[in-house]
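Have a look at the structure below, then the notes.
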Amino acid sequence: MDPIYNPQAIEPKWQKRWADLKLFETEADPARKKYYVLEMLPYPSGDIHMGHVRNYSIGDALARYMWMKGFNILHPIGWDAFGLPAENAAIKSQRHPSEFTFSYIDRMRAQLQRLGVSYDWRREIASCVPEYYRWNQWFFLKMYERGLAYRKKSRVNWCPKCETVLANEQVVNGCCWRHEDTPVVERDLEQWFLRITAYANQLLDDMKEMVRWPERVVTMQQNWIGRSQGAFVDFTVADLWKPLRIFTTRIDTIYGCTAVFLAPDHPLVDDLLANSKEPTRLRDEIERIKASSVRARVDVNLAKVGANTGFMARNPFNGEQVPIWLANFVLMEYGTGAVMAVPAHDNRDFEFCTEYHLPIKNVIVPVGTPPDQEASETLHATEEYGRLVASGPYTGLKSEEAIARMTRDAETRGFGKGTIQFRIKDWGISRQRYWGTPIPMIYCDTDGIVPVPESDLPVLLPPNVKLTGTGHSPLADVPEFVTTKCPKCGKPARRETDTMDTFVDSSWYFYRYTDPKISTAPINKDVVKYWFPVDQYIGGIEHAILHLIYMRFFTKFMRDIGLVDFSEPVARLFTQGMVIKDGAKMSKSKGNVVDPTKMFDKYGADTTRLYVLFAAPPEKDLDWNDAGVEGASRFLGRVYRLVAKHAENLKGVKAEALAQGGGNSLTPEERRLLRKAHQTLRHITEDMEERWHFNTDISNAMELVNELTELDAAVEAGKIRPAAHKTALEFLVITLSLFAPHVADELWEALGHSQPLLKVSWPAFDAELAAEDEIEYPVQINGKLRARIQVPAGAGEEEIRTRAQAEEKVIQHLNGLQVKKIIVVPGKLVSIVAK
RNA sequence: GCGAAAGUGGCGGAAUUGGCAGACGCGCCAGACUUAGGAUCUGGUCCCGCAAGGGGUGGGGGUUCGAGUCCCCCCUUUCGCACCA
């Protein structure tokens, strides 16, 4: 073997060997236990970045471990290939987005293959091919059949840079998720929506199955879905005899209601205007409030602004009339767009009512409050539950009781009902762009909206299209696409020209991997049954409430149409940290990008992977440091030389012979080396099962290398026999194969093996060999470390105590003191309390 | 404002259940080999102190024989949500 570590020769050699052996190709096999490792599929942007390297290195370490543990592994990769960047590049260069996309895929595939990840490349998918996206259309039609896809005109988020609509999930701090400094503007557009709200309750309830998901992600999804239980109550607009429905979660405070607040765009506002005695003033006020309303907000701490409409509303519980105000903080999109103002028990209402000198009426007191203190002055809102006062027949009830009873009474008396409101909205999927899945719908003057028949799928994206990026659907400019026949009446009709949000593509792609070529259905049910659920999904936290909620929604829908028989697709989720350099996320605009391929050229893929896993635990952000890569490179060089030096001699040696000897016949040096080897194996085995602190796994491997280096003289002196030496070296190579697989296979071969490491079973560590035979006990006196004693591992507490007291330094420090207590913690330390 | 996570040497980080703080690596210092070193190897490296010893995990308090770890208060950073009635 080459005496010098040369990754540029080793890595291509093994990548070719693995491919020739079809090492990573797997099939469903009901006789074997399966394990599905999934990493989030990349967008083909042109080049892989360090985030990809990190993601796939984590996944590969796990996949290779599970492989060696004997599982049948599904480990696929594909391309999230539709989307705006390719379209924007196409506009600039007047070429077709598919040119960019496919050439980028080729380039990134080559880069990924250099990384040497254990993918079954036969299963590669790209979402931009008709064989894939026709099933997006199929899912859409199935949803349409069931009333889960629908079209409506609504106010939508529009990104002026993307020139398209965004889903709520794609709006971040009022700005576009892809353009963080571009505020989203509102437009009223006819849009297609997927009724994710129909699954809101299930999306919440099924979280009980997501026990192996990061709590953070579960919480974020809970907040996003935002379920809240409350009641509608119908007030009446006094002069108009019109009902005005409000939503509240605190019906128990309704006797403290001193006003009703309307969103400025509430439908009743037009009525009020028409009947107002001072319409001019009111119209001005409305404009003013709209301008400062929550929806148009740029500032985070928006001041409360409002205006009195001059109208009154009647509270159905007590018949009181309260003024109707417009308020800038009331959202039309949530509840009913109208709220009752209870300034004594809601902070926002309090702030508003104080500002506009509206009365404040206290109706809740803490449960133990004596009667004479009930009428204390209100200086701030108290939002806690308590006991009702001044609340007619409900006075004296506790909040919980009152909520139940008042909701029931509102129902029986016909002016309200209990309800559950969600914060999550339906998923707007129409995009006014070209490079996406055409929405398979047809508009006919006679028959209205008509779905494309399933047999006519796919609706193909026309290849010849002029891309201008001017904010209307490019497909509308392609007459041969737009013009079609109505499937019902056969008369000329027009096709829908919007395309789907690309998050539709990624909502079910991981099912497709199990049988990527099937042409009769989106998925092969039987194969899905074998491979699912995904055992481990790995990706960035940024998808916590985008992709990761959409894919759950899709799975529930797939279950309801009989494609799958479970409700949650992913058993365990891992969210990796970002890759940071110089205190900021790597990005072209900041100029702090480290190009992985440059690292491959300079150090090799193994070193790059090893460094990325070593520099930080995988869930934390990773601070990139060029000097650290040098360290990883040096380490692999050291390992290589260590094995290369002895490989020739050890080739024919059998490793197992000594390891099974129970330790008795070993020389002290052998004992020491094998102890370290088994300790390392123990640490890494246990860590792979649960913790995944690859950084400490690698540091353990480094310690083993240090031990091997220190004991090298003993090897040469014959104090360590070849079998023991080889065992230690093999453990090192096996554990390294999870993180640096190419060099590991090279060394494994040099040690005389013909099968690659993936075919080797993960060895079991020997707890006896890993155990220390002497333990060093620190001895503390009054909490201060005073001495260390060596005690045989089997020693009892009494012996440890005696030895500690006999220690010279201990005697010195106890001089003149009286021992009160001696605490012996077996395996840990001795603590002496003295006065 | 609400919620979550975090704060440990010059740097990345380790300490899995309350038990020797700083593993491992980077950097730095010294030495060896060398024509040379940005290769390789060896030793050193939390702070104060010659030493004995003392101090030390954002700050302050507490529980405990013993606290980076548990409890209370405060500060800082990052992330998520942000008028959701």
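Numbered from 1 within each chain, the chains take letters A, B, ... in sequence-line order.
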Quiz item: If you check the A:Ser699 side chain, which of B:C41, B:C26, B:A23 turns out closest?
Solution: B:A23

Exercise. Test the A:Lys304-A:Phe352 pair against the cation-pi criterion, namely NZ or CZ under 6.0 angstrom from the six-membered ring centroid and within 45° of the ring axis.
Key: no

Quiz item: Are OP1 or OP2 of B:G1 and a side-chain N or O of A:Arg348 less than 4.0 angstrom apart?
Solution: no

Exercise. Dot-bracket for RNA chain B, please, read 5' to 3', with Watson-Crick or G-U wobble pairs under 3.5 Å on both distances, ( ) within the strand, [ ] crossing, | other strand, . unpaired.
Key: (((((((..(((......[....)))((((((.......))))))(((....)))..(((((..]....))))))))))))....

Contacts table for residues 248-256 of chain A: side-chain donor-acceptor under 3.5 angstrom, sequence neighbours left out:
unit_1	atom_1	unit_2	atom_2	d
A:Thr248	OG1	A:Arg250	N	2.8
A:Arg250	NE	A:Asp252	OD1	3.0
A:Arg250	NE	A:Asp252	OD2	3.4
A:Arg250	NH1	A:Glu383	O	2.7
A:Arg250	NH2	A:Asp252	OD2	3.0
A:Asp252	OD2	A:Ser399	OG	3.0
A:Thr253	OG1	A:Arg250	O	2.8

Exercise. Would you indicate, yes or no, if B:G55 has its OP1 or OP2 atom less than 4.0 angstrom from a side-chain nitrogen or oxygen of A:Lys784?
Key: yes

Quiz item: Do A:Tyr603 and A:Glu630 have side-chain N/O donor and acceptor atoms under 3.5 Å apart?
Solution: yes

Quiz item: Heavy atoms under 4.0 Å, any strand shown: does A:Asn700 hit a base, just sugar-phosphate, or nothing?
Solution: nothing

Self-check item: Whole-Å gap separating P (B:G1) and CD (A:Glu383)
Solution: 15 Å

Self-check item: B:A6 phosphate, OP1 or OP2, under 4.0 Å from A:Arg216 side-chain N/O
Solution: no

Quiz prompt | Face-on cation placement of A:Arg572 at A:Trp692 ring, 6.0 Å and 45° thresholds | solution = yes

Practice problem: Mind calculating the distance between CD1 (A:Ile324) and P (B:A85) to the nearest angstrom? | Solution: 22 Å

Quiz prompt | A:Glu215 atom CD, neighbour heavy-atom count above 12 within 6.0 Å | solution = no

